[in-house]
Amino acid sequence: MTETVVTRFAPSPTGFLHIGGARTALFNWLFARSLGGKMLLRIEDTDRARSTQGAIDAILDGLKWLGLDWDGEPTFQFARADRHREAVDQMLADGRAYRCYAGAEELEQMRALAQAEGRPPRYDGRWRDRPAADAPAGVSPAIRLKAPTEGETVIDDLVQGRVVIPNKDLDDLVLLRSDGTPTYMLAVVVDDHDMGVTHVIRGVDHLTNAARQTQIYQALGWAVPKMAHIPLIHGPDGAKLSKRHGALGVEAYREMGFLPAALRNYLARLGWSHGDDEIFSTEQAVEWFDIGSVGRSAARFDQLKLQNLNGHYMRATPDDELLAAFKASLPYLPGGEEAKNKLDATGRWDAFAIALPGLKERAKTLVELLDGARFLLDERPLAVEPAAEGLLTADARALLGELSGRLAALDPWTADGAEEIVRSVAEDAGVKLGAVAQPLRAALTGRKTSPGIFDVLVALGREESLGRIADQAAPPRAA
RNA sequence: GCUCCCAUCGUCUAGCGGUCUAGGACGUCGCCCUCUCACGGCGAAAACAGGGGUUCGAGUCCCCUUGGGAGCGCCA
């Protein structure tokens, strides 16, 4: 009798889907998929002031791009406020919650005093046992949980192990604000229960919340779901990941030219391991995933390793697939729109496809791939980069002139044929191959580096190649 | 301040009492390959935070110290 596993990813739509959230979503997804369960999506939009439709769209878009699909329609937390209040009514009726008339200033003073006396800044429960008759007129109360004051609350965490929090350190949290709106703490419990969530997987920053929420579950007489609090991702300096570290939304990673599969692999490997396996498919990850193998210490985000992994993925991706991925990503890459227009206008997509095998070998991201393909985008006469200028000496230009004539006779226009000619020109001139190949590279691409030069010749085609060489070659007889 | 969590190469990690003179990956540095840059191949430097226990035996278990981190709202 195995119950079906139900996990959920519950972002609050106050910003984009950041990388930490993406990993939380991934772990929920991996866990659910590995056990044949479901992953639900819940938008925690109870903070009306900060929640935006734009953020909701960005989060859904980010999840889709990452390939993390969820089951059913997303649940919107704000829409369930009535149900949340219903749960509070139950707790009130059962004597597990009470009305608190303490005002904002009063609470602030309470906290300040506690701090000053070296005590934790907690609510002192002053309205906990006061009779209703004491209620001040005209003040609408907040509803607080009548939390246990003695004993301890235990969280049997799948990642953190058995975590024990003394109840005296937990105060009577607010369930319903004085304006009648439910708090996050309440909403999460009621929603997870109603949605049938069996496993709550989220960041460790929620560990203390887990204890408070456990108390709410207990007050409601509901079973507590299994919990797994995964460590946070830190920046290179070991501190919490922030914008300064490049902790951007997942869409930023799309703009940087990363492949979703590579990012998935990287994120899964960050904090979770399956022996020494570094590169594995999503299918393997699903097969291998084991929440118990998730480490307990925070991991630093290493963009260099992500890049290396992405490079592996690009090289391993079949050319036609990579081409499709590249085309799909182009609108998001810097200068991608412009590049697309040029490729469309010049009809050089064919050349791009021909050059792709050589290009992908040299790129760690789609952005680098695009950069490497720039010689396909440029028009004659080519602007030669300063660094490559030095390659085009007078001798080199003369060699190009010689090469130009011989190449013109090449038919068919193949890499092998071109190589034979270039080698013979070098040999006849008594120089090394590089002495001809490098100037040729400068003439053809305007740069010092590029894919293999014979492949470049083929990708560019006879006419364009000959034209570019002529642009840089010394005039046949003149000077 | 209080509560909780964490601690193996620079980074991500393997290690679940003896197989550890600690393995892999990224990064770094050499060498090879080579038309450039990459890729690839080979190799090198690089870690069990410190101190006490427990045990025949500790990177692995316990405690303390130190160092990190998270949480302590009528935010989520």
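Chain letters run A, B, ... following the sequence lines, proteins first and then strands; every chain starts at 1.
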- request: Please identify each residue that fulfils salt bridge (Lys or Arg N to Asp or Glu O under 4.0 Å) with D455(A), with sequence neighbours left out.
  value: none
Separation between the [atom1] atoms of [N] and [M], rounded to whole Å:
N: C29(B); M: G10(B); atom1: C1'; result: 14 Å
N: U60(B); M: G23(B); atom1: C1'; result: 15 Å
N: G68(B); M: C9(B); atom1: P; result: 16 Å
N: A14(B); M: G73(B); atom1: P; result: 35 Å
N: G15(B); M: A58(B); atom1: C1'; result: 13 Å
N: U55(B); M: G18(B); atom1: C1'; result: 12 Å
N: G24(B); M: C42(B); atom1: P; result: 12 Å
N: U13(B); M: A49(B); atom1: P; result: 15 Å

How long is the line joining [atom1] of [X] and [atom2] of [N], in whole Å?
X: D47(A); N: C74(B); atom1: CG; atom2: C1'; result: 12 Å
X: L267(A); N: U13(B); atom1: CG; atom2: P; result: 12 Å
X: H274(A); N: A25(B); atom1: NE2; atom2: P; result: 17 Å
X: W272(A); N: G15(B); atom1: CH2; atom2: P; result: 12 Å
X: M227(A); N: C5(B); atom1: CE; atom2: P; result: 16 Å
X: R50(A); N: C74(B); atom1: CZ; atom2: P; result: 15 Å
X: M110(A); N: G73(B); atom1: CE; atom2: P; result: 12 Å
X: L270(A); N: A14(B); atom1: CG; atom2: P; result: 12 Å

Which nucleotide, if any, forms a Watson-Crick or G-U wobble pair with [N], using both distances under 3.5 Å?
N: G40(B); result: C32(B)
N: A7(B); result: U66(B)
N: C48(B); result: none
N: G73(B); result: none
N: G18(B); result: C56(B)

query: Which residue pairs pass the salt bridge (Lys or Arg N to Asp or Glu O under 4.0 Å) test with at least one member in residues 151-170 of chain A, sequence neighbours excluded?
result: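 Residue pairs with at least one partner in residues 151-170 of chain A: R122(A)-D169(A).
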Look at all strands and tell whether [X] reaches a base, only sugar-phosphate, or nothing, counting heavy atoms closer than 4.0 Å.
X: S273(A); result: sugar-phosphate
X: R296(A); result: sugar-phosphate
X: T46(A); result: sugar-phosphate
X: E278(A); result: base
X: A211(A); result: nothing
X: A299(A); result: sugar-phosphate
X: V164(A); result: sugar-phosphate

task: Please check if the side chain of D192(A) supplies one atom and the backbone of V197(A) the other of a donor-acceptor pair under 3.5 Å.
output: no
query: Do any N or O atoms from the side chain of E385(A) and from the backbone of R447(A) form a donor-acceptor pair under 3.5 angstrom?
result: no
message: Under 3.5 Å, is there a donor on one side chain and an acceptor on the other for T24(A) and R202(A)?
response: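 Short answer, no.
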- prompt: So, T365(A) versus Q307(A): side-chain donor-acceptor pair below 3.5 Å or not?
  reply: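 No, Q307(A) and T365(A) have no side-chain donor paired with an acceptor closer than 3.5 Å.
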Give a yes or no on whether a salt bridge exists between [X] and [Y], defined as a side-chain N under 4.0 angstrom from a carboxylate O.
X: R144(A); Y: D171(A); answer: no
X: D172(A); Y: K146(A); answer: no
X: K360(A); Y: D319(A); answer: yes

- request: Output all residues satisfying ring-ring contact (aromatic ring centres under 6.0 Å, His included) with Y217(A), sequence neighbours left out; order by chain, then residue number.
  value: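 ring-ring contact (aromatic ring centres under 6.0 Å, His included) check on Y217(A) returns nothing, list empty.
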- request: Spell out protein contact along nucleotides 27-42 of chain B as letters: B when the base is contacted, S when just the sugar-phosphate is, - when no protein heavy atom is under 4.0 Å; keep the 5' to 3' order.
  value: S-------BBBBSS--
- line: With sugar-phosphate taken as primed atoms, P, OP1 and OP2 and all else as base, the protein-contact string of nucleotides 64-72 of chain B at under 4.0 Å (heavy atoms; B, S, -) is -----SSS-
task: Inspect the surroundings of CD in E427(A) and state if more than 12 heavy atoms from other residues, nucleotides or ligands are less than 6.0 Å away.
output: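 Not more than 12 within 6.0 Å, no.
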message: Applying ring pair (Phe, Tyr, Trp, His ring centres under 6.0 Å) as the test, list every pair that has at least one member in residues 413-445 of chain A; sequence neighbours left out.
response: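 Not a single pair qualifies under ring pair (Phe, Tyr, Trp, His ring centres under 6.0 Å).
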